[in-house]
Amino acid sequence: MASEENKRWDLGGAQDAKRLLRESKAHKGESLWTDARRRLRRNRAAFWCLVFLFVFALFSFLAPLLPIPSPKALDTSAGTALEPAWPWTTPHLAGEWDPDTFPNDADVAPGVLPSRAYGNLLNDGWRHQTVLRFHQESADIPPEPLLDWVEGVAGRRARVGSLRPDKEGGYLRYLCLPLDRDDAPRVDFEPTGVSGELLVWRFPLAEAPPGRPAFGVVYDLNLPEGLPPLERVGVEARTRRIELFLTPAERPAGVSGMAYRATLPRHIEGSAALVLVNGVGYPVEGGPPLPAAAAKLDLVLAPAQELRGIEHEGLVDRLRAAAPPPPGATLEGATHENGYWELGAIDNWMLRARVALFGSWQTGNWMGTDEKGRDLFARIVWGSRTSILVALAAGACSLLIGVIYGAFSGLMGGRIDNVMMRIVDILYSVPFIFVVIFLITIVNEYRTELEDVYGIDREVIFFIVIGAIYWLTMARVVRGQVLSLKNSEFIEAARIMGASTPRILFGHIVPNVLSVVIVYLTLTIPAVMLFEAFLSFLGLGIEPPKVSWGLLANDGTKAINPLKIYWWLVVFPAAAMGSTLLALNILGDGLRDALDPKLRGKD
Amino acid sequence: MIRFLLRRLLWFVITLFVVMSVSFVLMRSVKGGPFDNERVLDEVIQRNIEARYNLDWPLWKQFLQYVGPINLDDDGARWFVRDEEGFHLAKGLHWFQDGKLLVQDPGVDAFTGVLAGDFGPSFRYKDWTVNEIIAQSLPISALLGMVAMMWALSLGISAGIASALRPGSKLDLSMRLAATAGIALPNFVIASFLIILFVFLIPLFPVAGWGTLRHMILPGFCLGLVFAAYIARLTRTGMLEVLSQDYIRTAHAKGLAPRTVIMRHALRGGILPVISYLGPATAGILTGSLVIESIFFIPGTGSHFVNSATNRDYTLSMGVTILYTVLVYTLNTLVDLAYTFLDPRIDLESK
């Protein structure tokens, strides 16, 4: 009997090895993942949390497609926050815009008419509209003739907006033209292939107007290929760049507005005086007078681009060309208000799909609005995009650094491991939130440069900084796992069986480390979301007009006052944030129990 | 024990040096000084401001001065004045008007560096040093932290014991869910709920401010709640493990009252994980106070730090960062020491 037993484990002959292999194949156990999936399925709470998070993520990804109001404020002078309008309590406007019942109330500022239980794209919320500014000398001029005039020229319904005093003692009357059902909200930029050189000349002004820059600027644009004859040249100073708009005298048929756009990546201090295009000068309206000599500053132009699409220029041109407006009012200009910030290609496609699907219909303010008139539900949905993006980006960042660092340290062992882990210990004892806040303050100083030169957004930096501090736990855990696996018996067995190093690494070590990594990733993601909310709350994270849950919570806290309790500003963002984070935590705990049953019930 | 302390001290020095030099380099590498304005200052004023904050020195000298503990500023206070010949340094400047001494030069305004416990002048709060600001605000933060810790410990331990005594019961389940919720919800969200509830709807507490006990209860609770949740979890796990031990059965068999068994015998072992958590919890309370202090308008160090970060008051934010590094490190070491007293099985040397 004893000899039989001995013979069985004697691996001397090839025959025995084959038998052993056969036997081991017959006893093939369940893989770790099948086992884990079964355990997770059994954990009902974690399973439903997974479903909830999946639905939630889908919802947030499809935000441009949903018929919800705009998350962005275009008119900051809106009144107070509106209470949630439940569909069954409030009378609602018709789904389609009816010009007879549409209130043409002079007190309504552009884009802030409260939409009720069922809103309407034309009514207010989406706010994709062209706002015309008229200057008038007195406040008594009735807006109706003006409205008729605009509607006659534009060929579509317009709305009367607010009346405000302007600086020169007169008044500004706003009129807005909401987009029609067929107007896809788009402004396309297509590269024209026309590129040239732009020289910027700067000269000091003898008398700088108070509060204005003390320099005048001449833009000298030289284009090797001839442009079509230009009608007008405009300069628009954005916060971080300057855009020259060159409007050609003739447009192709079917294009409502068209301009060549040249973008200067950096903002130049000074007010534009003159734009020279291939030697032909176009004075800039309201610019300073030209001196005899000017100092020269060389800047090279970014490629000029063609700009087409629905643009207010076409409308303004037509208005200017039409019969003069009713007496007492002069057209000052127009702005195109877009309900969104810059969106990517997929989001723009979804926006178009939304218009095609829902037309002008949109939901009302089911969760109320904030004091700037922005729909809270839309803001929560759009804010969730930021939060999910931060969580994924920072999670990926922590994953990358942590796994590489931990695996390297664990595989190397010895002195290198010791030094690397001491570094992690040092970093652990630093109160990171303070350092991160300090870091973000410093980075903020460079944001213009980073954005212009390297194209790095402030948000990207934000993601990297957050990710870079959450790798520590990951590194420790991976290192510990690798270390214990390296010396474990089954790796030893695989080595004896003659498995190659890559096979051991990818066949045995990686799958086993992966489970721990996934568990810690699901626990890192809520922590990162919380941290993002924390930083945005302190005003160091995402900046308006973009929105994140931290900003929403901040708005809610600011709106707390003893006079009126804006409970919806606190409750809804908190509920969204709380349910997501709770679900993530429960899912993380469930995954940990499923993948590592030894840890079950431990904290 | 001594070896442990010495090793900790060594790592502490390294950590402190890293934090100090990294933040110093970052601070000084920021383009433009902290006093850059849109308004162009007169050159004399500009130079005097730079001289006041030693910004005209080479970088290494500024760093040495910042680290200390020596004073390199052998001139004392330096002022630049301008006359027909140009700029020159004036020492011991006194301002007279009509024969009356208006302003006397304060003389040596010695800044001795961080190692001597001097964080230098604040860049934004004129006439205030960082030390003065910290000295004024730290006691407030410390008190708030203590209240929060008391809430965390009392709520967390009692909830943990309650759910460990009847594992699997409805009470246990709801306690665990509440603990997960407490961990998941950010403290500012909880704070806004509680403000609406206990300040406006049921006016029990004042909305903001500092001074009396009533001011401390609500902020302390909001700050401590997350940690109470963690402590409840840890206590539950620890107690469950201890309650299944033989000596507990022995104690029951001896006929001791259940309360004595739990309070005397089980709690001491069951609370050990909580003790090791106290270090991170203190760090968390210190950082969490940033938000709570700004919500409740408490003039503590946290709110000063947040303001300094948005105001670009670099010396103040650096000072607070360094101070908190020291605090967290020291508290962690103290917690490790306390751990050995409670559990003699743990050997610090071998760790």
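Lettering of chains follows the sequences in order, A, B, ..., and the numbering in each one begins at 1.
Of all the listed residues (B:Tyr324, B:Tyr329, B:Phe188), the one sharing the greatest number of non-hydrogen pairs under 4.5 Å with chain A is B:Phe188. Looking only at heavy-atom pairs under 4.5 Å with chain A, the residue among B:Val22, B:Val320, B:Thr180, B:Val328 that has the most is B:Thr180. When each of B:Pro273, B:Ser192, B:Ser317, B:Gly302 is checked for heavy-atom pairs under 4.5 Å with chain A, B:Ser192 comes out on top. Options A:Ala527, A:Pro526, A:Ala533 differ in how many heavy-atom pairs under 4.5 Å they form with chain B, and the most are formed by A:Ala533.
Here the closest heavy-atom approach between residue A:Val571 and residue B:Phe193 is recorded as CG2-CE2, 3.8 Å.
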Determine all donor-acceptor pairs shorter than 3.5 Å in which one atom belongs to a side chain in residues 550-557 of chain A; sequence neighbours excluded.
from	atom 1	to	atom 2	distance (Å)
A:Asn554	ND2	A:Phe537	O	2.9
A:Thr557	OG1	A:Ala553	O	2.5

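Residue-environment remark: CZ (A:Phe47) stays at or below the threshold of 12 foreign heavy atoms within 6.0 Å. The environment of OH in B:Tyr230 is sparse: at most 12 heavy-atom neighbours from other residues, nucleotides or ligands sit within 6.0 Å.
The residues A:Asp589 and B:Arg233 are annotated as salt-bridged, a charged nitrogen and a carboxylate oxygen being separated by less than 4.0 angstrom.
For B:Thr15, the parts lying under 4.5 angstrom from a heavy atom of chain A are both the backbone and the side chain. In this structure, chain B has a heavy atom under 4.5 Å from the side chain of A:Leu530, while its backbone stays farther away. If you measure heavy-atom distances from B:Phe305 to chain A, the contacts under 4.5 Å come from the side chain alone.
Residues B:Leu185 and A:Leu581 have side chains not in contact (no heavy-atom distance under 4.5 Å, counting atoms from C-beta outward).
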